[in-house]
Amino acid sequence: MITGVERVRDGVATNGSRRRAVRLGLVGAVGALFAALLSAPVAQAIPEYTEPNLVTTLNCGSANPLGNGPLPVRVDVYNQIAFPSDGLPGPAISLIGYSLTRPQALEYTIEVRVNWRNQRTGRTGSVTVPSRAQSVRWQVDLHPGSGPVAFTIHQKVGLMLFVPMVNPQYSTCRGRAVA
């Protein structure tokens with residue numbers, strides 16, 4: 001038996017419930033679209049890469065522990081590094097030392113110490129990095145805080161001949177950058 005306000009037509013109730021369902025579905029769709037447009041952006045696992053700034057290239061050569069002429073070492077100085085290779089928070093200054101000589105049969109052992117001083121804050125620090133390779137290659141990241149920074153690079157280059165640092169050669173050079 002059909003009660004007062006409901007009518008059935010071909011087995012479907014037509015008392016306005018179909019219109020009500022369409023209206024609720026439309027309101028729900030508009031609400032979902034609105035929420036999606038106003039929600040916060042999705043976080044990315046990899047941050048946007050910011051290109052470091054090459055400040056200068058220093059010539060920081062050393063005597064060759066093999067004894068066959070000088071060992072030219074160039075040091076690229078970068079600043080504005082948001083994500084340094086040591087994993088510590090930026091900003092940082094990165095010093096990358098390399099030699100353009102061909103790899104030797106023997107390996108070099110390298111120990112690099114960089115003393116730095118922030119000229120604005122007076123903060124000082126020292127970073128020591130050991131390395132071992134067929135040509136001179138090393139990288140040091142400095143975290144001096146913001147401001148102009150003066151640094152001194154102390155290189156100790158030796159040969160790996162059963163033991164490290166055979167016939168060590170010492171060199172020093174200086175540079176400046178703004179962190």
Side-chain angles (χ1 to χ4, degrees), residues 40-179:
V42 177
Q44 297 177 351
I46 299 173
E48 183 180 332
Y49 181 73
T50 56
E51 193 69 31
N53 180 36
L54 176 64
V55 177
T56 188
T57 299
L58 304 172
N59 288 319
C60 197
S62 174
N64 196 332
L66 286 171
N68 55 352
L71 183 62
V73 177
R74 293 189 178 144
V75 179
D76 288 340
V77 180
Y78 294 92
N79 68 357
Q80 300 175 1
I81 299 177
F83 305 103
S85 64
D86 61 5
L88 295 173
I93 296 174
S94 184
L95 309 174
I96 301 173
Y98 58 95
S99 176
L100 298 177
T101 58
R102 293 183 0 192
Q104 306 293 324
L106 299 173
E107 289 187 337
Y108 290 105
T109 53
I110 306 110
E111 184 178 288
V112 177
R113 188 180 81 244
V114 179
N115 298 326
W116 55 266
R117 178 176 173 80
N118 187 321
Q119 304 291 324
R120 180 179 299 152
T121 64
R123 185 175 170 197
T124 62
S126 180
V127 180
T128 302
V129 176
S131 180
R132 178 178 154 185
Q134 288 186 324
S135 64
V136 176
R137 299 201 177 277
W138 51 265
Q139 179 173 351
V140 175
D141 291 327
L142 308 178
H143 296 273
S146 62
V149 177
F151 53 87
T152 304
I153 301 168
H154 303 278
Q155 289 185 109
K156 179 179 168 184
V157 181
L159 290 175
M160 180 72 174
L161 191 61
F162 302 113
V163 293
M165 283 299 167
V166 174
N167 191 21
Q169 303 295 315
Y170 299 88
S171 65
T172 302
C173 59
R174 300 175 190 277
R176 293 179 179 269
V178 177

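Because the structure is predicted, anything quoted here is derived from the model rather than measured. Computed over heavy atoms, backbone and side chain alike; hydrogens, waters and symmetry mates excluded.
Without hydrogens or angle criteria, N115 side chain to T152 main chain gives no donor-acceptor distance under 3.5 Å. Under a 3.5 Å cut-off, the side chain of S146 and the backbone N or O of A179 do not form any donor-acceptor pair. No side-chain donor-acceptor contact under 3.5 Å links N53 to the backbone of V55. Using a distance-only test at 3.5 Å, with no hydrogens or angles considered, a donor-acceptor pair links the side chain of T109 to the main chain of M165. Side chain of N79 to main chain of V178: a donor-acceptor pair is present (N/O by atom type, distance under 3.5 Å, no hydrogens or angles). Counting only distance, with no hydrogens or angles, the side chain of N118 and the backbone of R123 share no donor-acceptor pair below 3.5 Å.
Residues R137 and S99 share a closest heavy-atom pair of NH2-O, 4.3 Å. Across every non-hydrogen atom of W138 and L95, the tightest pair is CZ3-O, 3.7 Å. Across all their heavy atoms, P84 and A92 have their closest contact at CG-CB, 3.8 Å. Here the closest heavy-atom approach between residue V136 and residue Q155 is recorded as CG1-OE1, 4.4 Å. The nearest pair of heavy atoms linking H143 to P91 is ND1-O, 4.0 Å. The nearest pair of heavy atoms linking S126 to R113 is OG-CG, 3.6 Å.
The disulfide bond (SG atoms under 2.5 Å apart) contacts involving residues 78-171 comprise nothing, where partners must be two or more places apart or lie in separate chains. Legend: disulfide bond (SG atoms under 2.5 Å apart) pairs involving residues 128-179, not counting sequence neighbours, sorted by first then second residue: C60-C173. Legend: disulfide bond (SG atoms under 2.5 Å apart) pairs involving residues 76-107, not counting sequence neighbours: none detected.
Applying the side chain to side chain donor-acceptor pair (under 3.5 Å) criterion to R74, with sequence neighbours excluded, gives no partner residue. Residues meeting the side chain to side chain donor-acceptor pair (under 3.5 Å) test with W116, sequence neighbours left out: none. Applying the side chain to side chain donor-acceptor pair (under 3.5 Å) criterion to T56, with sequence neighbours excluded, gives no partner residue.
For the atom pair CZ of R132 and CD1 of I110, the computed distance is 10.5 Å after rounding to the nearest 0.5 Å. Between the CG atom of L161 and the CD atom of E107 there is a distance of 11.5 Å, given to the nearest 0.5 Å. With rounding to the nearest 0.5 Å, the separation of CZ in R176 from CZ in F151 is 9.5 Å.
Contact annotation: the side chain of L100 never approaches that of P72 to less than 4.5 Å [non-hydrogen atoms, C-beta and beyond]. Using a 4.5 Å heavy-atom cutoff, the side chains of Q139 and S85 are in contact. Looking at L58 and I153, their side chains come closer than 4.5 Å, going by heavy atoms from C-beta outward. Using a 4.5 Å heavy-atom threshold, the side chains of P148 and R120 count as touching. Put simply, the side chain of D141 does not reach to within 4.5 Å of the side chain of L88, judged on heavy atoms.
Inspection of the T128 and E111 side chains reveals no N or O donor paired with an N or O acceptor under 3.5 Å. Residues Y108 and N64 have side chains that bring a donor and an acceptor to within less than 3.5 angstrom of each other.
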Problem set entry | Derivation and outcome, side-chain contact (heavy atoms from CB on, under 4.5 Å), residues Q169 and L71 | CA-CA 10 Å; Q169 303 295 315; L71 183 62; over 6 Å; no
